[in-house]
Amino acid sequence: MSIPAEPRQREFEDEALIHLDALYGLALRLSGGDEPRAEDLVQEAVLKAYRAWDRFEVGTNCRAWLMTILRNTFINQFRQQKTRPSPVEFEQIAERPSSDALYDADPEGRIFDRMIDDQVIAAIDELPDEFRIAVVLSDLEGLSYQEVAELMGIPVGTVKSRLFRARKRLQERLYDYAVEMGYLK
Amino acid sequence: MSGCGTDSPGGSHSGERELTCEESLARVYEYLDGELDSGEHEAVKDHLEKCRQCYPHYDFERLFLDYVHELGAGEESRPGLEERVREMLAAEPG
Ligand SMILES: [Zn+2]
């Protein structure tokens with residue numbers, strides 16, 4: 001029994017489109033702040049969801065279902081595009097010894113109360129792809145190491161080392177911002 | 001990392017060797033991420049919460065991760081996106 005097109009579309013829109021801002025927020029962070037790319041990603045994910053709508057059980061968590069589709073869509077695109085050479089910056093982060101400047105300057109973490117969220121988001125956006133994706137999935141989305149590893153198609157040990165590097169890099173950027181803003185000397 | 005008294009192997013914590021500072025700090029993210037199995041979780045917790053050398057590092061990382069977690073991916077709006085999505089759906093065969 002197939003539902004006529006229009007009610008089906010209306011039903012989908014009522015259930016799914018209230019999550020559009022959440023989908024776009026996640027798409028923006030995954031794509032490092034690239035707005036057109038984030039919109040393409042949302043459109044593709046919503047279209048996939050719409051085509052699979054008959055398989056969605058009404059009453060279960062629609063937001064979580066849509067976010068999963070968006071993550072998978074992003075990762076598929078990312079893994080297909082990854083044939084291009086790895087950016088130089090990726091190597092630099094991977095090789096460079098990490099600094100504890102922020103801890104040394106502010107061991108009690110007072111800076112986290114004063115930091116402007118937009119600056120932290122910009123710092124996350126600027127991480128090289130492999131590191132940013134790990135941070136977004138793990139720290140912003142709350143996925144486990146195992147879930148991140150499966151999504152990205154990498155070993156759990158690689159997830160751990162990317163998260164370590166990315167978090168240290170983020171702390172370095174926060175240190176720079178804090179000095180710029182005059183929070184730290 | 002000397003002076004916290006747990007660097008020597010052979011401690012007696014529930015039959016398991018106590019962790020050194022280096023071993024404990026190396027696991028601080030896995031600990032905070034809840035990724036250690038229960039035995040190791042307890043051993044790391046025991047060290048990080050009691051060791052004068054490690055505690056400040058651990059506490060700092062905890063505050064940092066709490067901050068980033070709270071940030072979340074967040075919601076963002078994009079002008080015209082909803083209309084474009086509705087148009088796309090209308091063009092899709094039922
Ligand atoms: Zn210690």
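Heavy atoms only: backbone and side chains are in, while hydrogens, waters and symmetry mates are out.
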Heavy-atom pairs under 4.5 Å with chain B are the metric here; pick the option from [options] that has the most.
options: A:Met115, A:Glu108, A:Arg51; answer: A:Arg51
options: A:Asp117, A:Val46, A:Val136, A:Leu26; answer: A:Asp117
options: A:Gln171, A:Lys160, A:Glu35, A:Gln43; answer: A:Gln171
options: A:Glu13, A:Arg29, A:Glu141, A:His19; answer: A:Glu13
options: A:Phe164, A:Tyr103, A:Phe112; answer: A:Tyr103

Quick one: which of [options] has the most heavy-atom pairs under 4.5 Å with chain A, could you say?
options: B:Val28, B:Leu65, B:Asp66; result: B:Leu65
options: B:Glu76, B:Arg86, B:Glu82, B:Glu70; result: B:Glu76
options: B:Leu71, B:Leu89, B:Val68; result: B:Leu89
options: B:His69, B:Glu75, B:Arg78; result: B:Arg78

Legend entry - Centroid separation B:Phe64 to B:Tyr67 less than 6.0 Å: no
Inset, instruction - State yes or no: are the ring centers of A:Phe56 and A:Trp53 separated by less than 6.0 Å? - result: yes
By a 4.5 Å heavy-atom criterion (distance strictly below it), what part of [X] contacts chain B: side chain, backbone, both, or neither?
X: A:Val156; answer: neither
X: A:Leu30; answer: neither
X: A:Asp113; answer: neither
X: A:Leu28; answer: side chain
X: A:Leu174; answer: side chain

Please check: side-chain N/O of [X] versus main-chain N/O of [Y], any donor-acceptor pairing under 3.5 Å?
X: A:Asp106; Y: A:Arg110; result: yes
X: B:Glu40; Y: B:Asp37; result: no
X: B:Glu23; Y: B:Thr20; result: yes
X: B:His47; Y: B:Leu19; result: yes

List the atom of [X], the atom of [Y], and the distance in Å for their closest heavy-atom pair.
X: A:Leu151; Y: A:Ile75; value: O-CG2, 2.9 Å
X: A:Ile111; Y: A:Ala178; value: CD1-CB, 3.5 Å
X: A:Arg165; Y: A:Phe131; value: CB-CE2, 3.3 Å
X: A:Val148; Y: A:Leu137; value: CG2-CB, 3.8 Å

Legend entry - Residues in residues 63-72 of chain A that sit under 4.5 Å from chain B, counting heavy atoms only: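 Answer by number: none.
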Legend entry - Ring-face cation contact, B:Tyr55 with B:Arg52, 6.0 Å cut, 45° max: no
Inset, instruction - Measure from NZ or CZ of A:Arg167 to the centre of the six-membered ring of B:Tyr29 and say whether it is under 6.0 Å with the direction within 45° of the ring axis. - result: yes
Legend entry - side chain to side chain contact (heavy atoms under 4.5 Å, CB included) between A:Phe74 and A:Ile133, worked out: CA-CA 10 Å; A:Phe74 172 80; A:Ile133 295 166; 3.5 Å; yes
